[in-house]
Each structure stands twice: as C-alpha cells, then as structure tokens.
Q: 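Handing you this structure, nothing more for now.
Throughout, protein chains are lettered first and strands after them, A, B, ... in sequence-line order, and every chain is numbered starting at 1. As the structure is a computational prediction, the values presented were derived from the model and not from experiment.
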Amino acid sequence: DGGITQSPKYLFRKEGQNVTLSCEQNLNHDAMYWYRQDPGQGLRLIYYSQIVNDFQKGDIAEGYSVSREKKESFPLTVTSAQKNPTAFYLCASSVSGKTEAFFGQGTRLTVV
Amino acid sequence: EDQVTQSPEALRLQEGESSSLNCSYTVSGLRGLFWYRQDPGKGPEFLFTLYSAGEEKEKERLKATLTKKESFLHITAPKPEDSATYLCAVQAYGANNLFFGTGTRLTVIP
C-alpha cells in the first residue's frame, strides 16, 4: 500500500525538550515537505526538500530542523527554540516540486 | 505576495442543496491551483489540479472551475459524507511549494 506515514499520531513535549516527528513515504517521490496547521490559519511551510541531502527553509523554519539522508524519509525536529510548538504537523510528498502534493495523516504535538 | 482567500469560512447545507465554494487568488504567474478535502484530525486529501483559465474537473458530486482570478468548487446534491473542510492552494511559477487558504468548513445536514 503506497502512501505517507507519519508517526506518532499524538506527541506530548515538556518545555525545553527537543522532539522528532517521523515521516516516511513509499511513493518514490523526490520532493518532501513539512507544514504546520493552526486553527484559523492556512497551512504554513516549515521546510522542504527536493532531493536527498538537500533541503530549504520555508516561511516559518525558526526553531525547527530537518534531515534528508534517504529518499523515503524526512524527519522534523522541533527544538526548544520553537516558542509555540503546539500545532498539527503535516508531512507531504510530490513527484517533483511541480506537481500536486500528497499528505500524511498528521502528528498533533502538544506542549505540557 | 501570493494570497489565497476562501469564502465562506463555514457553510451549512441541507442534504441535496447544491452550492459553491470560492477561492480567490493573487499570484505572480499561476502554475497550478489545487483543491483538497480535509476531515477533522486527518491530513488533506487531494481532489483536483487546475492549470489554466476555463479548465474544469469533476469527481462524483464535485466540480472545480478556474478563472484568472478565482476558482469555484461546486457541490451538487451534497450528502452528509461530503462534510469536511475544503482547502484551496496555489503554486506560482518558480515556486517549489503550495500556498494555502484557510479553508471552507462544509456541514451537510441530513
């Protein structure tokens, strides 16, 4: 079954901790993305990657970091520098940067 | 600066009552306009891509149209299972990602 798998579905973080959200795809897509969704706002781009070992900052990259060591995987780390990390995080992939993106089921991160 | 405005924010319809959702956009050279459906607590599900003014695409009770300034998502004879938030996004030439609107939350009442 081809698709994008995000884990965990729910994540709780204590203030001052770093956490890593997993995103894996078996669609053989080159491009991968991380978006953040907050109530009443559109999806906002955090980071994106078009090829392995390369990635670019999106509109709200501060306090986040990513890696792209394998084509299938694009993990997102939410660092303690992110002041308001509570949100719904969505990973997506596309054949290239020029086609429609397909999304995972999301990870809801809550700071406790 | 790219901008996407969706209206209305929320829409309640009786089952079978057809209507349209609007997506107005401003973008420096439109490469594509995308419609997604999102259920609560889930990731967006891809519906359509439109590339040029005058283009139309259909899927079951949904039909998407595109002009040079806006797109409409027409819902014909909706059913309760069509209840969801519908998201519109644009991609500009030279960009590598999508720019999203805030969505229209549709509720279809039996």
Q: Is B:Leu50 reachable from B:Leu47 through a run of I, L, V, M, F, W or Y residues, each pair having side-chain heavy atoms under 4.5 Å apart?
A: yes
Q: Should B:Phe100 and A:Phe88 be counted in the same cluster of Ile, Leu, Val, Met, Phe, Trp and Tyr side chains packed under 4.5 Å apart?
A: yes
Q: With hydrophobic residues grouped by side-chain heavy-atom distances under 4.5 Å, do A:Ile46 and B:Phe99 end up in a single group?
A: no
Q: May I have a table of the donor-acceptor pairs connecting chain A and chain B at distances under 3.5 Å?
A:
residue  : atom : partner : partner atom : Å
A:Tyr33  : OH   : B:Asn96 : O            : 3.2
A:Tyr35  : OH   : B:Leu98 : N            : 3.3
A:Tyr35  : OH   : B:Leu98 : O            : 3.4
A:Gln37  : OE1  : B:Gln38 : NE2          : 2.9
A:Gln37  : NE2  : B:Gln38 : OE1          : 2.9
A:Gln50  : NE2  : B:Asn96 : OD1          : 2.9
A:Gly97  : O    : B:Gln91 : NE2          : 2.6
A:Lys98  : O    : B:Arg31 : NE           : 3.4
A:Lys98  : O    : B:Arg31 : NH1          : 2.6
A:Lys98  : O    : B:Arg31 : NH2          : 2.1
A:Lys98  : NZ   : B:Ala95 : O            : 3.3
A:Lys98  : NZ   : B:Asn96 : OD1          : 3.1
A:Glu100 : OE1  : B:Thr49 : OG1          : 3.4
A:Ala101 : N    : B:Tyr36 : OH           : 3.2
A:Ala101 : O    : B:Tyr36 : OH           : 2.6

Q: Do A:Val95 and A:Ile51 belong to the same hydrophobic cluster, where Ile, Leu, Val, Met, Phe, Trp and Tyr are linked whenever their side-chain heavy atoms lie under 4.5 Å apart, directly or via other members?
A: no
Q: Select one option (side chain, backbone, both, neither) describing which atoms of A:Leu43 are under 4.5 Å from chain B's heavy atoms.
A: both
Q: Please find the pair of heavy atoms, one from A:Leu90 and one from B:Gly43, that lie closest to each other, and give the distance.
A: CD2-CA, 3.6 Å
Q: With a 4.5 angstrom heavy-atom cut-off, which part of B:Ala89 approaches chain A: side chain, backbone, both or neither?
A: neither
Q: Starting from B:Phe72, can I reach B:Val108 by hopping between I/L/V/M/F/W/Y residues whose side chains sit under 4.5 Å apart?
A: no
Q: CD of A:Gln17: more than 12 outside heavy atoms within 6.0 angstrom?
A: yes
